[in-house]
Peer 1: 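Got a structure here, written out as structure tokens. Questions coming.
What you are looking at is a predicted structure, and each value in this text was computed from that prediction instead of being measured. A, B, ... follow the sequence lines: proteins, then strands. Residue 1 opens every chain.
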Amino acid sequence: MIDIHTLTIREARKKLTAKEITAVDLASAFIKEAEKKNGEINAYLEIFSNWKEQAEESQKKIDAGVDLPLLGIPFAMKDNILIEGQKASASSKMLENYVASYDATVTKKLRDAGAIFLGRTNMDEFAMGGSTENSAFGPTKNPHDTERVPGGSSGGSAAAVAMDGALVAMGTDTGGSIRQPASYCGLVGLKPTYGAVSRNGLIAMGSSLDQAGPLARTVEDAEIIFDVISGKDPLDSTSIEKDFYPKNNLHGTKPVIGIPRELLSIDGIDADVKENLEKTIEDLKAKGYETKEVSLPHIAYALSVYYVLMPAEVSSNLARFDGLRYGLHVDGKNLNEDYFKSRGAGFGKEVRRRIILGTYVLSAGYADEYYYKAKVMKALIADDFKKAYEEVDVIITPTSPISAFKIGEKVNDPVSMYLADVFTVTAYIVGIPAMSVPSGFLEREVKKLPVGVQLMSDFGREDILFTVGKEITVR
Amino acid sequence: MITTDDVKKLANLARIDIPDDEAEHLAGEITGILDYVKQVTETDVSNVGDQAHGPHNVFRDDEDTHESGLHTKTLLESAPDSDEQYLKVKDIL
């Protein structure tokens, strides 16, 4: 009998190599849980019919003495990461029946490292949202409290791991889409440095912001996956070599931790979220970590900048869905009507909202007023971080200002929904890496809900996130 | 302030069919979002260098990367309508 609830990649690899378990045993243990719970949780949109064949293939390699970092490890894949021959719908009616004609680079790297893909997971449509309620295929529920959201947009991936339906999962993060669901579901979620992981084969949302990364139970698991998926890819011009950024000396013998006090004094942070952060900081101090206050004067603008730049990129990126080459086609009287009808029927409400908003901020007369000024502000925010990293190695905040909220609570209030991204959007705007690490539980109506803290380091310094992340304990 | 008519014009630019009641609803929501992000428009841009230009000339050279027609069949399988090796669309003119 395998205890899959606490299993890590390293332990699973050890058991597989020692022939204590087979790859089929391991995959079927997760599949069994997934089949039992998915009806209620809706984490998976589809469990792939070939999971067993993949596991048998892995077992053959294990039997032949092959050693790969992820050999036989069962993954859940977000529905916007292409796997050749499988559907990839981005949880949209637009791509409901779209079958990927090639592997994303991330998929290929995981496959080459021995990963098994159990299925594809639910998400906010085209990754637009922070709750997975914007899926065209129904919301995903949080396994810790099924009345609440798992976070989003990678909510299905987070819930799949949290319900023991996969050992680890892949997500994509644009404004917080890996870190926020990781926090709400009690997992580690890593958003790598922009460019560290190839975007080739991800269904694009905001190309200057999107990045794929792991959702895992431990920091070590996230690190193992990051090492596999990162690196330069000729198929993504923005991807970078692993050693692209210099690794300067730390500011102390251990990484020095920066605390952005101004940011932590904004309205709307739950008292117990703050308390959990303070306790986490105290723990780190007790372990010998030095802390320092840092000032990020322009950070108050981050959310506004994000909600100008992201819709602008959304409206441009999603212009490709024309109902002619692939995806949904709704017939009209002429070509122009084909566009209007296909796009009107294919895109859900939040997607339409962001396309319209993006069209507005890019339209003549407003592009300078909104888009260009947001780009300038982005540079000013990046400069704040550059200055901060002259004194500290890592900056700590809560991942989300609030606990997982109830399904339906925020659907009619987009601004309030967007505010939940306040701590996560900055790493996106700047392009630095950030990771959410579980740090405790919050009590909400007799239920215990996970909470996480976010660590942000300088470009290319995921290593510091892993070092500090491993010291953080769930209280 | 974004009006229902503004939303309809934007929807027209974005080639999306939007029903009247949704256009009205969106007008209110987008006004709210623009109100929230308006602090961006107050940014002083005078002391910051040109931010308008991103990556330059990042595409690969225009060369033959594979045999012509190698992926045509696979890609056309995703197309709503095709005729032999072509996508089929309605009259353009």
Side-chain angles (χ1 to χ4, degrees), chain A residues 98-99 101-102 208 234 237-238 300-301 303-305 307-308 311 315 318-319 322-330 332-345 347 349 352-353 355-361 363 369-380 413-415 418, chain B residues 2 6-19 22-23 25-27 29-30 32-60 65 71 73-82 87-93:
Chain A
Y98 172 72
V99 175
S101 55
Y102 64 100
S208 82
S237 70
T238 60
Y301 293 87
L303 201 59
S304 296
V305 170
Y307 277 96
V308 172
S315 75
L318 271 60
D322 55 9
L324 304 180
R325 293 168 301 154
Y326 54 90
L328 183 74
H329 173 87
V330 180
K333 287 199 288 284
N334 51 45
L335 183 65
N336 215 30
E337 263 195 19
D338 283 4
Y339 294 144
F340 277 86
K341 284 183 186 285
S342 301
R343 291 167 63 78
F347 294 138
K349 197 161 174 267
R352 291 201 287 250
R353 186 193 278 151
I355 291 176
I356 299 289
L357 187 61
T359 306
Y360 177 82
V361 301
S363 58
E369 195 61 12
Y370 285 95
Y371 186 71
Y372 182 67
K373 285 189 174 174
K375 293 270 281 189
V376 170
M377 187 51 79
K378 174 180 169 164
L380 293 172
D413 186 359
V415 172
Y418 298 169
Chain B
I2 299 288
D6 291 335
V7 170
K8 284 182 182 166
K9 276 181 204 154
L10 291 165
N12 195 41
L13 286 170
R15 304 280 186 274
I16 299 180
D17 248 355
I18 286 185
E22 191 181 321
H25 193 65
L26 272 171
E29 285 179 346
I30 288 177
I33 297 168
L34 288 175
D35 194 45
Y36 182 79
V37 304
K38 74 166 185 285
Q39 50 170 314
V40 164
T41 65
E42 291 149 16
T43 306
D44 176 7
V45 297
S46 54
N47 294 319
V48 181
D50 181 18
Q51 298 296 324
H53 298 97
H56 179 69
N57 206 13
V58 292
F59 292 110
R60 65 169 169 77
T65 50
H71 303 296
K73 190 171 169 282
T74 319
L75 293 174
L76 281 178
E77 276 168 8
S78 308
D81 200 6
S82 60
L87 284 174
K88 207 170 161 185
V89 302
K90 294 200 173 73
D91 295 349
I92 289 171
L93 294 173

Peer 1: With A/Lys341, which residues qualify under salt bridge (Lys or Arg N to Asp or Glu O under 4.0 Å), at least two apart?
Peer 2: none
Peer 1: Given a strict heavy-atom distance threshold of 4.5 Å, which part of A/Asp322 is in contact with chain B: side chain, backbone, both, or neither?
Peer 2: neither
Peer 1: Tell me, out of B/Thr74, B/Ile33, B/Leu13, who's got the most heavy-atom pairs with chain A below 4.5 Å.
Peer 2: B/Ile33
Peer 1: A/Leu324 and A/Tyr339: which non-hydrogen atoms are nearest, and at how many Å?
Peer 2: CD1-CE2, 3.8 Å
Peer 1: So which part of A/Val99 gets closer than 4.5 Å to some heavy atom of chain B, the side chain, the backbone, both or neither?
Peer 2: backbone
Peer 1: Measure A/Leu318 against the heavy atoms of chain B and call it side chain, backbone, both or neither at under 4.5 Å.
Peer 2: neither
Peer 1: Under a 3.5 Å distance rule, please check whether A/Arg352 uses its side chain to pair with a backbone N or O of A/Phe347 as donor and acceptor.
Peer 2: yes
Peer 1: Considering only heavy atoms, which portion of A/Ala345 lies under 4.5 Å from any heavy atom of chain B: side chain, backbone, both, or neither?
Peer 2: neither
Peer 1: Just give me the residue among A/Val376, A/Leu303, A/Leu357, A/Val361 that pairs up with chain B most often, heavy atom to heavy atom, under 4.5 Å.
Peer 2: A/Val376
Peer 1: Picking from A/Tyr307, A/Tyr301, A/Tyr326, which has the most non-hydrogen pairs under 4.5 angstrom with chain B?
Peer 2: A/Tyr301
Peer 1: Taking 4.0 angstrom as the limit, do B/Lys38 and B/Glu42 come out as a salt bridge?
Peer 2: no
Peer 1: Where does B/Glu77 contact chain A at under 4.5 Å (heavy atoms): side chain, backbone, both or neither?
Peer 2: neither
Peer 1: Can you say whether B/Leu76 sits under 4.5 Å from chain A via the side chain, the backbone, both, or neither, judging by heavy atoms?
Peer 2: neither
Peer 1: Would you compute the distance between atom NE2 of A/His329 and atom CG of A/Asp338 and round it to the nearest 0.5 angstrom?
Peer 2: 4.5 Å
Peer 1: Do the non-hydrogen side-chain atoms of A/Glu337 and B/Lys90 ever get within less than 4.5 Å of each other?
Peer 2: no
Peer 1: Counting only heavy atoms closer than 4.5 Å, note whether A/Thr359 contacts chain B via side chain, backbone, both or neither.
Peer 2: both
Peer 1: Quick check on A/Ala319 against chain B: is it the side chain, the backbone, both or neither that has a heavy atom closer than 4.5 Å?
Peer 2: neither
Peer 1: Return the OG to CG distance between A/Ser363 and B/Leu10, rounded to the nearest 0.5 Å.
Peer 2: 6.0 Å
Peer 1: Quick one: of B/Asp81, B/Val7, B/Asp91, B/Leu87, who has the most non-hydrogen atom pairs under 4.5 Å with chain A?
Peer 2: B/Leu87
Peer 1: For atom NZ of B/Lys88, decide whether the heavy atoms of other residues, nucleotides or ligands shown that lie under 6.0 angstrom number more than 12.
Peer 2: no
Peer 1: Side chain, backbone, both or neither: which part of A/Tyr98 has a heavy atom under 4.5 Å from chain B?
Peer 2: side chain
Peer 1: Heavy-atom distance under 4.5 Å to chain A: side chain of B/Glu29, backbone, both or neither?
Peer 2: side chain
Peer 1: Measure distances from B/His71 to the heavy atoms of chain A and classify the residue's part below 4.5 Å as side chain, backbone, both or neither.
Peer 2: neither
Peer 1: Could you check if a side-chain atom of A/Ser208 sits within less than 4.5 angstrom of a side-chain atom of A/Lys378, using non-hydrogen atoms only?
Peer 2: yes
Peer 1: Do B/Asn12 and A/Phe340 come within less than 4.5 Å of each other through their side chains, counting heavy atoms only?
Peer 2: yes
Peer 1: If you count heavy-atom pairs under 4.5 Å with chain A, which of B/Asp44, B/Val89, B/Leu34 comes out on top?
Peer 2: B/Leu34
